[in-house]
Amino acid sequence: MTDGDEIVDYPIPPVNAIQPPAEWERLRQQCPVAHVRLPSGDQATLLTRYDDVKQVLADPRFTRTADDAARVSESGGVFNSEMANSLPQSGDAHQRWRRRITKWFTAKRMIALRPGIEAMADRLVDEMIKQGSPADLKASLGFPLPVWVICDLLGVPESDRDRFAYWSDTLLNLTRYEQAEIDAAQAEFVAYMAGHIAAKREAPGEDLLSELITGTDAAGERMTDRMLVSTGMGLLVAGHETTANMIGKMLAMLLADRTHWEALLADPALVRTAVEETLRYDANPGFGMIRYLSEEVEVSGGVLLAGTTAVCSMGSANRDEAAFTDAAELDLSRSPNVHLSFGAGPHSCIGQPLARLELQVTLEVLLRRLPTLELAVAAADLRPVEGLAVGGLREVPVKW
C-alpha cells in the first residue's frame, strides 16, 4: 500500500501530450497497490504493474460495477449510466451478449470494411488539403472518420454526429459537467436511440442494430428494448470517442520525433506494428478500467480484499519494464507487443479489430497523401483533453 497515509489524487495527469507522469514509474517500483482518491471523493485502489493489471482485468469474477463500489465521479456519467445499469455485466448472459456483437467485428468483416474506410479517409484528406495548411488533424480527420464508420455500422445518420460528440462527452465526464447537464444529455441520448431502434424495428436494414432486433442469442432470447438502446449508446460512444482521440495521439507521437515518420515513409510495412506500439506508448490513455472485487485476490503488490474497487492503469502497465524491453522507448517494430490498451479477458474491448483497422488505414493514407506532414506546434505545446474519462488532445495542429 502507499507509504503511511499517502493518498494519491486520481487520475494522474500526464506531463504533456507525449510524456507520462513520473508517478507511474514510482508507483510501479515502490507502491504497486496504491490508495487513490477519485474525482467523486471516494477512495479506491490503483494497480500500476503489468502483471497485476492483466490478472485483475482478465479475472471473470470481477465486474465493472456493484452497489457498494467506489463512485468514479460525483456526477455519474458512463460509470453510472443507462448503459452500465441495463446490460449484463458478468457470467453467461454477458458472454452471450458479447458473442452477438463480436460477430460484427470478425477479420472477414474488417477486410470487407477496409476499402470504404480508406475511401472516406481519402475524401477527408482531400478536404483538409483544400482548406489549406496548417490544419487541425483531429477535427479534419481524427474525429469525422470514426464517427462515419460507427454511424454506418449502426445505421444512424452521420448528420447527427455533433450531437453524439456532446452526448458522449457528458457520459464520459469526470469533472467537466454538472449533474443536471449530464442527466439532460443522457435523457436526450436515450430518447434518440429509442426512436432509432423503433424505426429499425419497422424497417430493418443491413446494420448491426437491425440484426440485434431481429435475431436471438445462443439461448434463443431476444434483446429487450432497454438492452438494445444501451447497446447502441455504448457502441456509439466507444466506437468514435476513443478512436478519434487515438488517431490524434498516434500522429502526435509519430511526428513529435519526426525520425519515426521518416522510418514509416521508408518502410510502410511497419504500419501494423507502429499502430500497436503507439497504443502501448500512449502517455495520456485516460482513466483506465474499474473492477469491483467480489472476492479476495492476491497480486504481486499484496492482497486485495473483497469489496475493493480497483482502478487498473493500462497506461502505466504498458510502460512496465518487467513486461516490455526498453519500455520508455517508442519502437515501431516491437513484436510481440502484448499491450493492455484494449483490456484483457472477458471484458476486453469488443471493437478492437475495428479500432486497429481505422488506425492502420489513417496512417497508411496520410503517409501516402502527405509525406511532408509535421506538427505545426511543439509537441510540448499540445493540449490534453481535461475533465473526461477518455484521454486525448484538444487539437492536433499540423502542416505540410
Side-chain angles (χ1 to χ4, degrees), residues 17-18 105-130 133-146 148-149 242-283 318 324-339 341-342 351-376 379 382 392-393 396-400:
I18 306 299
F105 297 97
T106 62
K108 182 178 180 181
R109 284 190 182 271
M110 295 305 103
I111 291 170
L113 286 174
R114 177 178 275 271
I117 296 174
E118 185 172 352
M120 174 54 72
D122 265 315
R123 288 197 291 273
L124 292 168
V125 171
D126 284 340
E127 184 61 29
M128 186 170 77
I129 292 172
K130 181 180 176 182
S133 174
D136 178 3
L137 186 75
K138 181 177 180 180
S140 300
L141 179 61
F143 174 67
L145 180 67
W148 175 79
V149 172
T242 51
T243 307
N245 279 297
M246 190 60 213
I247 288 173
K249 291 186 291 184
M250 174 179 70
L251 269 298
M253 283 181 251
L254 295 172
L255 295 172
D257 176 351
R258 213 166 174 283
T259 59
H260 299 308
W261 188 255
E262 299 291 343
L264 287 165
L265 288 171
D267 185 6
L270 287 172
V271 163
R272 185 187 63 80
T273 52
V275 165
E276 296 305 313
E277 180 67 345
T278 56
L279 285 162
R280 181 197 71 84
Y281 195 71
D282 186 4
N318 286 340
F324 300 96
T325 303
D326 298 324
E329 301 299 320
L330 184 67
D331 178 1
L332 301 187
S333 61
R334 189 184 296 274
S335 183
N337 192 343
V338 286
H339 62 77
S341 299
F342 293 114
Q352 57 185 286
L354 182 59
R356 287 187 162 102
L357 176 60
E358 291 177 60
L359 292 167
Q360 291 168 13
V361 167
T362 297
L363 192 48
E364 290 166 356
V365 168
L366 287 171
L367 288 164
R368 171 170 52 82
R369 298 291 306 280
L370 292 172
T372 61
L373 192 68
E374 58 182 309
L375 288 177
L382 293 168
L393 302 173
V396 183
V398 293
K399 57 184 179 180
W400 55 89

Student: First locate atom CG of L354, then atom CG of L359, and finally report the distance between them rounded to the nearest 0.5 Å.
Tutor: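 Those atoms lie 9.5 Å apart.
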Student: Ignoring hydrogens, what is the shortest heavy-atom contact between P134 and A376? Give both atom names and the distance.
Tutor: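 Between these two residues, the closest heavy atoms are CB-CB, 4.1 Å.
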Student: Before giving the answer on side chain to side chain contact (heavy atoms under 4.5 Å, CB included), spell out for M110 and Q360 the whole-Å C-alpha distance, their side-chain angles and the decisive distance to 0.1 Å.
Tutor: CA-CA 12 Å; M110 295 305 103; Q360 291 168 13; over 6 Å; no
Student: When rounded to the nearest 0.5 angstrom, what is the spacing between CG in L255 and CG in L375?
Tutor: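 Rounded to the nearest 0.5 Å, the CG-CG separation comes to 5.0 Å.
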Student: Identify the heavy atoms of L382 and A17 that sit nearest to each other, and give their distance.
Tutor: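 Taking every non-hydrogen atom into account, CB-CB, 3.7 Å.
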Student: Nearest 0.5 Å please: distance from the CD1 atom of I247 over to the CE atom of M250.
Tutor: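 Atom-to-atom, I247:CD1 and M250:CE are 6.0 Å apart.
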Student: Rounded to the nearest 0.5 Å, how far does CD of E276 lie from CG of L270?
Tutor: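 Reported value, rounded in 0.5 Å steps: 13.0 Å.
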Student: How close do T372 and R258 get, heavy atom to heavy atom, and via which atoms?
Tutor: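 Taking T372 first and R258 second, the nearest heavy atoms are C-NH2, 3.3 Å.
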Student: Going through the distances and angles, do L254 and L332 end up as a side chain to side chain contact (heavy atoms under 4.5 Å, CB included)?
Tutor: CA-CA 9 Å; L254 295 172; L332 301 187; 3.7 Å; yes
Student: Under 6.0 Å from the CZ atom of R109, do we count more than 12 heavy atoms belonging to anything else shown?
Tutor: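 Buried by this count: over 12 neighbours within 6.0 Å.
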Student: Apply side chain to side chain contact (heavy atoms under 4.5 Å, CB included) to the pair V398 and L370, showing each step before the final yes or no.
Tutor: CA-CA 11 Å; V398 293; L370 292 172; over 6 Å; no
Student: Using the side chain to side chain contact (heavy atoms under 4.5 Å, CB included) rule, pick out the option among L363, V361, T362 that qualifies with V365.
Tutor: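 Only one of L363, V361, T362 forms a side chain to side chain contact (heavy atoms under 4.5 Å, CB included) with V365, namely V361.
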Student: As an exercise, state the distance from OH of Y281 to NE2 of H260, rounded to the nearest 0.5 Å.
Tutor: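 One gets 6.5 Å once the value is rounded to the nearest 0.5 Å.
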Student: May I ask you to test the M120-L145 pair for a side-chain heavy-atom distance under 4.5 Å?
Tutor: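 A side-chain contact exists here, since the closest heavy-atom pair is under 4.5 Å.
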Student: When you measure from the side chain of R280 to the backbone of L330, do you find a donor-acceptor pair of N or O atoms at a distance under 3.5 Å?
Tutor: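 Side chain of R280 to backbone of L330, a donor-acceptor pair under 3.5 Å: no, none is there.
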Student: Can you name the closest pair of heavy atoms from L264 and V271 and give their distance?
Tutor: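 Heavy atoms only, the tightest pair is CD2-N, 4.0 Å.
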Student: On a heavy-atom basis, which atom in F324 and which in N337 lie closest, and how many Å separate them?
Tutor: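 Heavy atoms only, the tightest pair is CE2-OD1, 3.6 Å.
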Student: Going by the rule side chain to side chain contact (heavy atoms under 4.5 Å, CB included), which residues pair with Q352 if we only count those two or more places apart in sequence or in a different chain?
Tutor: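 So Q352 forms a side chain to side chain contact (heavy atoms under 4.5 Å, CB included) with F342, S348, C349, R356.
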Student: Apply side chain to side chain contact (heavy atoms under 4.5 Å, CB included) to the pair D331 and E277, showing each step before the final yes or no.
Tutor: CA-CA 7 Å; D331 178 1; E277 180 67 345; 3.8 Å; yes
Student: Has D136 got a side-chain atom pairing as donor or acceptor with V396's backbone, closer than 3.5 angstrom?
Tutor: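 Yes, because the side chain of D136 sits within donor-acceptor range (under 3.5 Å) of the backbone of V396.
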Student: Within this structure, what is the CD1-CZ distance for the pair I129 and R369, rounded to the nearest 0.5 Å?
Tutor: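 So the CD1 of I129 and the CZ of R369 are separated by 4.5 Å.
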Student: Given 3.5 Å as the limit, does a donor-acceptor pair link the side chain of S140 with the main chain of M128, or not?
Tutor: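 Not at all, since once roles are kept as given, no pair shorter than 3.5 Å links the two residues.
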Student: Looking only at heavy atoms, what is the nearest atom pair of E358 and V149, with distance?
Tutor: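 The pair with the smallest heavy-atom distance is OE2-CG1, 3.8 Å.
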Student: Hey, are D326 and R334 close enough for a salt bridge, meaning a charged N less than 4.0 Å from a carboxylate O?
Tutor: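 Looking at D326 and R334, the cut-off is not met.
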Student: So, K138 side chain and L393 main chain: donor-acceptor pair closer than 3.5 Å or not?
Tutor: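 Checked: pair present.
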Student: Under 3.5 Å, side chain of W261 to main-chain N/O of P371, donor-acceptor pair present?
Tutor: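 Side chain of W261 to backbone of P371: a pair is present.
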